[in-house]
Amino acid sequence: MRVLGINAIFHDPAAALVIDGHTVAAAEEERFSRRKHGKRPVPFSAWELPEMAARWCLEKAGLTPADLDAVAYSYDPALAEDDTAPWEALRTEYARRAPQFLATALPGLDPEIVRFVPHHAAHAASTGLAAPFGGNCAVLVADGRGECGSYLAGRYEDQALVRLAEQRLPHSLGLLYEDLTEHLGFLRSSDEYKVMALASHAEPVHLDLMREHITTADGGFRIVPIEWNTLAKPPDGELLQEHAELAASVQRRLEEVLLELTTWLHEQTGERRLAMAGGVALNCVANTRIFAEGPFDDVWVQPAAGDSGTALGAALHVASGEPLAPMPGADLGRSWSDDEIEQVLKTAKVVYEKPADLAAVVARALADDKIVAWFQGRSEYGPRALGRRSLLANPCYAANLERMNDVKGREQFRPIAPMVLESRAHELFERGPVPSPYMLFVHDVRPEWRDRIPAVVHVDGTARAQTVADDPLLERVLEDFDRRTGVPVVVNTSLNTAGRPMVDSPRDALECFGSSPIDLLAIGPFVVRR
């Protein structure tokens, strides 16, 4: 069965292709359009489809739209309730017309094969049916909203979703965090990770109030509206301690609520394994508390846990009548051959070289405190750079935190992450899971290592580590850097600048390299120097 999954309704439009139970390709529209998050999550944008991502997925498999057996759309307008919010009916109408829009965007597609998949069922399938452990598991989805809810808890039994609890709107952990994000002067449905980073800079002084306003019962939760202005006025150009204290209070209560919900879910299912998705599942601090303090032995989070992942989830949901293979990894996007990359370099008229040992060249540059743009293989699906489209640096110098944030044009309170050999991770990090290939958990940095890798140690002593295995080239970089410095870790952050999508194509890589103080670009087997 050949199923194309589509996410388009809110934000992060994406497409994914599942053939005979195997995930073949998945990509976000932003990587093609170069528009961050693809579009803004407003009703007026609901008609916009991931046309370029969908066409690429089909091209990757050598298919035409007419070859598809089904198209799975990750929203069911039949479940949407009448909403008095301005223009919300327009979103529902656009969803109803999605089959016709898709047939126009993908000539040859039969609109009759489009199937609507409930939004949270798509989220659930993206993790429960894609998890590497396979088989039955508990599943938890929490985000801003779907058709009329914001949360689902259940289990998968023989690839079938059993719903145990759901939370209807207006109660929403995701929308609560979005509201706080907007109150603190950031862009909602985009900058929530900044609030998580800010929270580490203060104590949760309003925690008792948060516990009064955000409560759990019977596997669900209730949220009494919070008057943010009474706790901290919106920033007037500068974030103050009171803003960090508010962020810390909401973050801590979110962690507690998720622990309470997962404990309930474990009691209901008795499962040892938990799969998570939804935008809230991108909160890596909360994920670590669930792993370290919760009742489940194994916790897996979909690397594209936000709405982009529902494209894959919708396709898996529709394909669940046949045996499904676990998701093979996050590197599901575009790649270029060595010849194609070299032609781009020639066209750009840049000076480049092809070293005999690329890993050694990169490791030497990092040991010499150079910043390296790393462009290799297929691009990542989801918001994390995982060694395909990354900026690498030396973690041994504390000044590199400010330096990297300056390169990317980011706020200085935001951390940068370490990439570590999986075989060495336990020497440096604790509490978080190992392996941790998708950078979705935080780890405590062991005290004896904090002064050795200060650039990647957050203010609270944690690091969002990515473990590396089964990637020979990247492993050789880490091994060579270790031989030169005695440190099996390098800085890894996304290859982009603030407000721009992650680099995807060779042209994108050259544009980023040319406009930023990056010292070396390692692109395929080639090196471009500043």
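These figures come from a predicted structure and were not determined experimentally.
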Item checked: Ser308 side chain vs Ala14 backbone, donor-acceptor pair below 3.5 Å -> no

Check: Using the ring of each side chain (for Trp, its six-membered ring), is Phe101 parallel, tilted or perpendicular to Tyr94, with breaks at 30° and 60°?
Finding: tilted

Notebook entry, point to check: Which distance, rounded to the nearest 0.5 Å, do you find between the NE2 of His119 and the CG of Asp143?
Noted result: 4.5 Å

Check: Would you say the side-chain atoms of Asp406 pair up with the backbone N or O of Arg410, donor to acceptor, closer than 3.5 Å?
Finding: no

Item checked: Cationic N near anionic O, under 4.0 Å, Glu93 to Arg91 -> no

Check: Atom CE of Met276 and atom CD of Gln302: how far apart are they, to the nearest 0.5 Å?
Finding: 12.0 Å

Checklist line | side-chain hydrogen bond (donor to acceptor under 3.5 Å, both in side chains): pairs with one or both residues in residues 220-236, sequence neighbours excluded | finding: Gln167-Arg222

Next item on the list: Count the heavy atoms of every other residue, nucleotide or ligand shown that sit under 6.0 Å from CD of Glu203, and state whether that count exceeds 12.
Entry: no

Check: With a distance cut-off below 6.0 Å to the six-membered ring centre and an angular limit of 45° from the axis, does Arg334 pair with Phe32 as a cation-pi contact?
Finding: yes

Check: Between Tyr75 and Phe10, does the ring centroid distance fall short of 6.0 Å?
Finding: yes

Next item on the list: Output, in order, the C-alpha distance, side-chain angles, deciding distance and verdict of side-chain contact (heavy atoms from CB on, under 4.5 Å) for Tyr156 and Leu129.
Entry: CA-CA 8 Å; Tyr156 270 97; Leu129 297 180; 3.7 Å; yes

Notebook entry, point to check: With no hydrogens and no angle check, is any side-chain donor or acceptor of Trp374 less than 3.5 Å from a backbone partner on Gly387?
Noted result: yes

Check: Would a distance-only check, ignoring hydrogens and angles, find a side-chain to backbone donor-acceptor pair under 3.5 Å from Thr216 to Glu260?
Finding: no

Margin query: Between His201 and His458, is the ring centroid distance below 6.0 Å?
Written below: yes

Checklist line | Sidechain N-carboxylate O distance under 4.0 Å for Asp331, Arg378 | finding: no

Next item on the list: Answer yes when Glu28 and Arg34 have at least one side-chain N-carboxylate O distance shorter than 4.0 Å, and no when they do not.
Entry: no

Note to self: In this structure, is the centre-to-centre distance between the rings of His171 and Phe221 below 6.0 Å?
What the structure shows: no

Item checked: Distance-only side-chain donor-acceptor flag, Asp460 / Ser200, under 3.5 Å -> yes

Note to self: Ignoring hydrogens and geometry beyond distance, is a side-chain donor-acceptor pair present between Ser516 and Lys408 at under 3.5 Å?
What the structure shows: no

Check: What distance separates Leu391 CG from Leu495 CG, expressed to the nearest 0.5 Å?
Finding: 5.0 Å

Item checked: Electrostatic pair Glu255-Arg289, nearest N-O below 4.0 angstrom -> yes

Notebook entry, point to check: Can Arg35 and Glu29 be said to form a salt bridge (charged side-chain N to carboxylate O under 4.0 Å, His left out), step by step?
Noted result: CA-CA 8 Å; Arg35 182 183 178 191; Glu29 188 73 1; over 6 Å; no

Margin query: As a test of understanding, state which of Leu152, Val117, Thr310, Val139 forms a side chain to side chain contact (heavy atoms under 4.5 Å, CB included) with His123.
Written below: Thr310

Item checked: Parallel, tilted or perpendicular: ring planes of His266 versus Phe296, cut at 30 and 60 degrees -> perpendicular

Margin query: What I want to check is whether the side chains of Asn492 and Ser390 have a donor and an acceptor closer together than 3.5 Å.
Written below: yes

Next item on the list: Kindly say whether Pro225 contributes a backbone atom to a donor-acceptor pair with the side chain of His213 at under 3.5 angstrom?
Entry: yes

Margin query: Quick one about Ser379 and Asp504 (side-chain donor to acceptor, distance below 3.5 Å, no hydrogens or angles considered), yes or no?
Written below: yes

Check: Side-chain donor-acceptor pair under 3.5 Å between Tyr177 and Gln251, yes or no?
Finding: yes

Item checked: Arg389 and Glu380 ion-paired at < 4.0 Å -> no

Check: Just by distance, do the side chain of Ser172 and the backbone of Leu169 share a donor-acceptor pair under 3.5 Å?
Finding: no

Next item on the list: Check Gly220 against Leu261 and note the closest heavy-atom contact, atom names and distance.
Entry: O-CD2, 3.7 Å

Checklist line | Donor-acceptor under 3.5 Å (Lys39 side chain, Ala8 main chain) | finding: yes

Next item on the list: Hey, could you give me the NE2/CG distance between His120 and Leu140, rounded to the nearest 0.5 Å?
Entry: 10.5 Å

Notebook entry, point to check: Are the charged groups of Arg145 and Glu178 less than 4.0 angstrom apart, N to O?
Noted result: no

Item checked: Residues forming a side chain to side chain contact (heavy atoms under 4.5 Å, CB included) with Phe133, sequence neighbours excluded -> Ala131, Cys137, Arg273, Ala275, Asp298, Trp300

Item checked: Donor-acceptor under 3.5 Å (Glu242 side chain, Ala232 main chain) -> no

